[in-house]
Amino acid sequence: MFYKNARIFTGDFQFHTGAFEVVDGKFGAVLLENVPEDAIDLKGATVIPGLIEVHSHGNCNHDFSDGDYEGLKATAKYFLSCGVTSFAPASMTLPYDVLSKAFATGRKLADERPEGCSVLRGINMEGPYFSMKKKGAQNAAYIKDPDFEGFKKLYDDCGGLIRIVDLAPELPGAVEFTEKASKLCTVSVAHTDTDYDHARAVFDAGATHMTHLYNAMPGVHHRNPGPIPAGNETPGVQAEIICDGLHIHPASVRLAFNMFKDRMVVISDSGRCAGMPEGTEFDLGGQTAWVKGGVGRLADGTISCSATNMWNCLTNCISWNIPEEEVIRACTYNPAKALGAENEVGSIETGKVADFLVITGNYEDKRVFLAGKEI
C-alpha cells in the first residue's frame with residue numbers, strides 16, 4: 001500500500017512532504033521519489049507515528065492495578081481510539097501479591113494482542129519504593145524501601161515485561177538497587193524528597209528517567225537545586241511531564257521543554273476517571289477519589305491523577321506554542337526509547353511497525369492506523 005502527498009514526520013524528527021509505503025504491517029520505503037499512480041492521496045494531511053503512553057493507570061472506570069483482563073482490554077481499546085498505538089500501564093503502591101496479579105494480566109494482553117486494542121509493550125512499576133514525604137496519592141500503607149529481590153521476582157514472574165521501575169533516590173539501598181535494576185529496565189526518579197547529591201548518585205548508578213517532572217518532587221532552589229537540575233545535566237536522562245493543563249501550568253511545561261529539549265516524554269498519568277463525567281467517585285489504590293474540576297482528587301484535595309488522554313496532551317502542547325516537532329517526538333520516539341522499543345515503534349522509518357496517525361486540519365481530526373490497518 002502506498003500513500004502520497006503527505007506531510008510526514010520522519011526518523012530525523014522533522015517534517016517532509018512526500019510518500020511512504022506500508023508492507024505487511026511495517027513501513028517500507030519512506031519519502032518515495034517514484035510513486036505508483038494508484039497510491040492513496042492524503043491531500044496534504046500530516047502523518048505522525050502512533051502515540052505511545054508510558055504512564056497511565058487506566059480509563060473508563062478501569063485501573064491496571066485491578067488485575068482484570070477484560071478491564072485492561074477495555075482500557076487498551078480506549079487508548080487506541082485516542083491515537084495511542086502502544087502503551088505501558090502504570091501500577092500503584094500496593095502489596096506485591098496485588099502487583100503480581102496485575103502484571104500477569106499485562107503479560108496476557110501483551111501475548112494475545114487482541115484486535116482493536118493498543119499494544120501493551122511494557123509495564124511501568126510506579127511504587128512502592130517512595131518517600132513518605134512525597135507520596136502524593138500513593139497509599140502510605142504499602143510504601144517501602146527499595147527491594148531488589150522482591151522487584152526481581154515480580155520481573156521474572158511477568159517474563160521481564162517491567163520496562164520502567166520508579167524509586168526515591170534518598171531511600172536506603174537506592175543506589176545499589178539502581179545499579180542492578182538498570183541492567184534489566186529503565187530506572188526512574190519518582191515521588192521523592194531528594195536533594196541534588198542523592199539524585200546525582202542514582203543517575204550516576206544508571207537511572208535514566210524522571211517520573212512526572214515537578215510533581216511529587218522538590219522544585220528548583222538556587223541553594224538546594226534538588227533532582228531536576230541533576231537530571232537535566234545528566235546526558236540521556238528523559239523527563240516525563242503531565243500535559244493536561246491542570247497538573248502543571250503551560251509556562252512550566254514550556255520551561256521543561258527548554259531545559260530537557262529533545263529528552264521530554266509527554267504522559268497523561270490518567271486514572272480510571274479518564275473518560276468519566278465530573279463528580280464521579282472512584283477507587284484509587286484503596287482510597288476514595290473524585291473527578292473535580294477535570295482532574296482526579298482525594299478527599300483532602302490532593303491531585304491524584306489526570307482525567308485526560310495523550311491526544312489531548314499533544315494538542316495542548318501545540319496550543320501552548322511548544323514547537324510541533326518537539327511535541328511529536330515527546331509523544332512517540334522518546335516514550336518508545338524509555339520502554340526499550342525504539343527499534344520497533346516510535347518513528348516512521350523503513351522496517352518499523354506501521355503505527356501512524358493521519359491528521360487533518362490544525363490537529364482537528366485524526367485517523368488511526370495500527371500495523372498498517374485503519375481502526
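Because the structure is predicted, anything quoted here is derived from the model rather than measured. We count residues from 1, following the sequence as given. As a basis for the values below, the full set of heavy atoms in this structure was taken, side chains included, without hydrogen atoms, waters or symmetry mates.
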| message | Distance check, rounded to the nearest 0.5 Å: Thr178 atom OG1 versus Asp204 atom CG? | response | 10.5 Å
| field | Residue pair Val327 / Ile318: nearest heavy atoms and the distance that separates them | value | CG1-CG1, 4.2 Å
| request: With the side chain counted from C-beta on, respond yes when Val291 and Phe282 share a heavy-atom pair under 4.5 Å apart, and no when they do not. | output: yes
| If two hydrophobic side chains count as joined below 4.5 Å and joins carry through other members, does Leu314 share a cluster with Leu246? | no
| request: List for me each residue that meets salt bridge (charged side-chain N to carboxylate O under 4.0 Å, His left out) alongside Asp66, sequence neighbours excluded, and say none if there are none. | output: Arg272
| said: Is there a path of hydrophobic side-chain contacts, each under 4.5 Å between heavy atoms of I/L/V/M/F/W/Y residues, joining Val266 to Ile52? | reply: no
| Around atom CG of Asp111, are there more than 12 heavy atoms of other residues, nucleotides or ligands at under 6.0 Å? | yes
| said: Could you check whether atom CG of Asp300 has more than 12 heavy atoms from other residues, nucleotides or ligands sitting under 6.0 Å from it? | reply: yes
| request: Nearest 0.5 Å please: distance from the NZ atom of Lys152 over to the CG atom of Leu184. | output: 6.0 Å
| task | Not counting sequence neighbours, which residues clear salt bridge (charged side-chain N to carboxylate O under 4.0 Å, His left out) with Lys153? List them please. | result | Asp157
| task | Kindly say whether Asp193 contributes a backbone atom to a donor-acceptor pair with the side chain of Glu170 at under 3.5 angstrom? | result | yes
| task | Could you tell me whether the side chain of Cys273 reaches within less than 4.5 Å of the side chain of Cys305, counting heavy atoms only? | result | yes
| note | Taking every heavy atom of Cys243 against every heavy atom of Cys317, the minimum-distance pair comes out as SG-SG, 3.4 Å
| said: Working to the nearest 0.5 angstrom, can you tell me the gap between Glu149 CD and Lys180 NZ? | reply: 5.5 Å
| task | Answer yes or no: does atom NZ of Lys26 have more than 12 heavy-atom neighbours from other residues, nucleotides or ligands under 6.0 Å? | result | no
| query | Under 3.5 Å, is there a donor-acceptor pair between the side chain of Lys352 and the main chain of Glu342? | reply | yes
| said: Donor-acceptor check, side chain of Thr75 to backbone of Gly71, threshold 3.5 angstrom: yes or no? | reply: yes
| query | What closest approach, in Å, do Arg107 and Gly159 show between heavy atoms, and which atom pair accounts for it? | reply | NH1-O, 3.3 Å
| message | Looking at Gly28, is its backbone amide N or carbonyl O close enough to the side chain of Thr350 to form a donor-acceptor pair, meaning the two atoms are under 3.5 Å apart? | response | yes
| said: Can you pull out every ring pair (Phe, Tyr, Trp, His ring centres under 6.0 Å) where at least one residue sits in residues 299-351? Sequence neighbours excluded, please. | reply: Phe13-Tyr333
| query | Transitively linked via ILVMFWY side-chain contacts under 4.5 Å: Leu339 with Ile241? | reply | no
| task | Would you check if there is a donor-acceptor pair between the side chains of Asp269 and His55 at a distance under 3.5 Å? | result | yes
| Quick one: does Glu325's side chain get under 4.5 Å of Gln14's, heavy atoms only? | yes
| task | Report yes or no: does Asn5 contribute a side-chain atom to a donor-acceptor pair with the main-chain N or O of Asp41 at less than 3.5 Å? | result | no
| query | Just how far is it from atom CG of Asn215 to atom CD1 of Ile248, taken to the nearest 0.5 Å? | reply | 4.5 Å
| request: Take Phe9 and Thr46, measure what side-chain contact (heavy atoms from CB on, under 4.5 Å) needs, and give me the verdict at the end. | output: CA-CA 8 Å; Phe9 188 73; Thr46 294; over 6 Å; no
| said: Could you check whether any side-chain heavy atom of Val165 comes within less than 4.5 Å of a side-chain heavy atom of Thr186, counting everything from C-beta outward? | reply: no
| From Phe64 CZ over to Glu126 CD, what is the distance, rounded to the nearest 0.5 angstrom? | 12.0 Å
| pair Pro250-Arg254: side-chain heavy atoms closer than 4.5 Å | yes
| remark: Applying ring-ring contact (aromatic ring centres under 6.0 Å, His included) to His191 and not counting sequence neighbours gives Phe130, His212
| said: For a quick test of reading the model, state the closest non-hydrogen atom pair linking Asn61 to Met276 and the distance between them. | reply: N-SD, 3.4 Å
| request: Indicate yes or no: does Asp97 engage Lys101 in a salt bridge with an N to O separation below 4.0 Å. | output: no
| message | Any side-chain to backbone donor/acceptor pair from Asp145 onto Pro172? Under 3.5 Å, distance only. | response | no
| message | Testing the 3.5 Å rule here: is there a donor-acceptor pair between the side chains of Glu281 and Thr288? | response | no
Name every donor-acceptor pair, under 3.5 Å, that has one atom in a side chain of residues 76-90 and the other anywhere in the protein, sequence neighbours excluded.
{"unit_1": "Tyr78", "atom_1": "OH", "unit_2": "Asn309", "atom_2": "ND2", "d": "3.3"}
{"unit_1": "Ser81", "atom_1": "OG", "unit_2": "Tyr78", "atom_2": "O", "d": "2.6"}
{"unit_1": "Ser86", "atom_1": "OG", "unit_2": "Arg121", "atom_2": "NE", "d": "2.8"}

| task | For the pair Asn334 (side chain) and Asp262 (backbone), establish whether a donor and an acceptor sit closer than 3.5 Å, ignoring hydrogens and angles. | result | yes
| Can you tell if the side chain of Asn139 reaches within under 4.5 Å of the side chain of Met92, non-hydrogen atoms only? | no
| Is any side-chain heavy atom of Pro49 less than 4.5 Å from a side-chain heavy atom of Asp355? | no
| field | Linked, directly or transitively: Met210 and Ile164 (ILVMFWY side chains, under 4.5 Å) | value | no
| task | Starting at CZ of Phe203, measure out to CG of Asn232 and round the result to the nearest 0.5 Å. | result | 10.0 Å
| said: Who clusters with Met1? Use side-chain heavy atoms, under 4.5 angstrom, across I, L, V, M, F, W and Y, and order the result by chain and number. | reply: Tyr3, Ile8, Phe20, Val22, Phe27, Val30, Leu31, Ile40, Leu42, Val47, Ile348, Phe356, Val358, Phe369
| field | Thr360 and Arg367 side chains, donor-acceptor separation under 3.5 Å | value | no
| field | Glu240 side chain reached by Asn124 side chain, heavy atoms, under 4.5 Å | value | yes
| message | Check whether Lys183 reaches the backbone of Glu179 with its side chain - one donor and one acceptor, N or O, closer than 3.5 Å. | response | yes
| said: Main chain of Gly293, side chain of Glu278: is a donor-acceptor contact present, judged purely on distance under 3.5 Å? | reply: yes
| message | Distance alone, cut at 3.5 Å: any donor-acceptor contact between the side chains of Ser268 and Thr308? | response | no
| request: In sequence, state the C-alpha distance, the side-chain angles, and the governing distance for Val54 and Val265, and then conclude on side-chain contact (heavy atoms from CB on, under 4.5 Å). | output: CA-CA 9 Å; Val54 299; Val265 176; 3.8 Å; yes
| task | Could you walk me through whether Asp244 and Asn312 pass the side-chain contact (heavy atoms from CB on, under 4.5 Å) test, one step at a time? | result | CA-CA 7 Å; Asp244 62 350; Asn312 290 338; over 6 Å; no
| query | Would a distance-only check, ignoring hydrogens and angles, find a side-chain to backbone donor-acceptor pair under 3.5 Å from Ser188 to Thr211? | reply | yes
| Just wondering, more than 12 heavy atoms not from Glu33 lying within 6.0 Å of its CD? | no
| Minimum heavy-atom distance Ala110-Leu120, with the two atoms named | CB-O, 3.6 Å
| Ile242, Ile228: one ILVMFWY side-chain cluster at the under-4.5 Å cut-off? | no
| said: One pair to check against side-chain contact (heavy atoms from CB on, under 4.5 Å): Phe2 and Glu21. What are the steps and the verdict? | reply: CA-CA 4 Å; Phe2 294 88; Glu21 177 187 21; 3.4 Å; yes
| remark: All heavy atoms of Val175 vs all of Ala201, minimum pair found to be CG2-CB, 3.8 Å
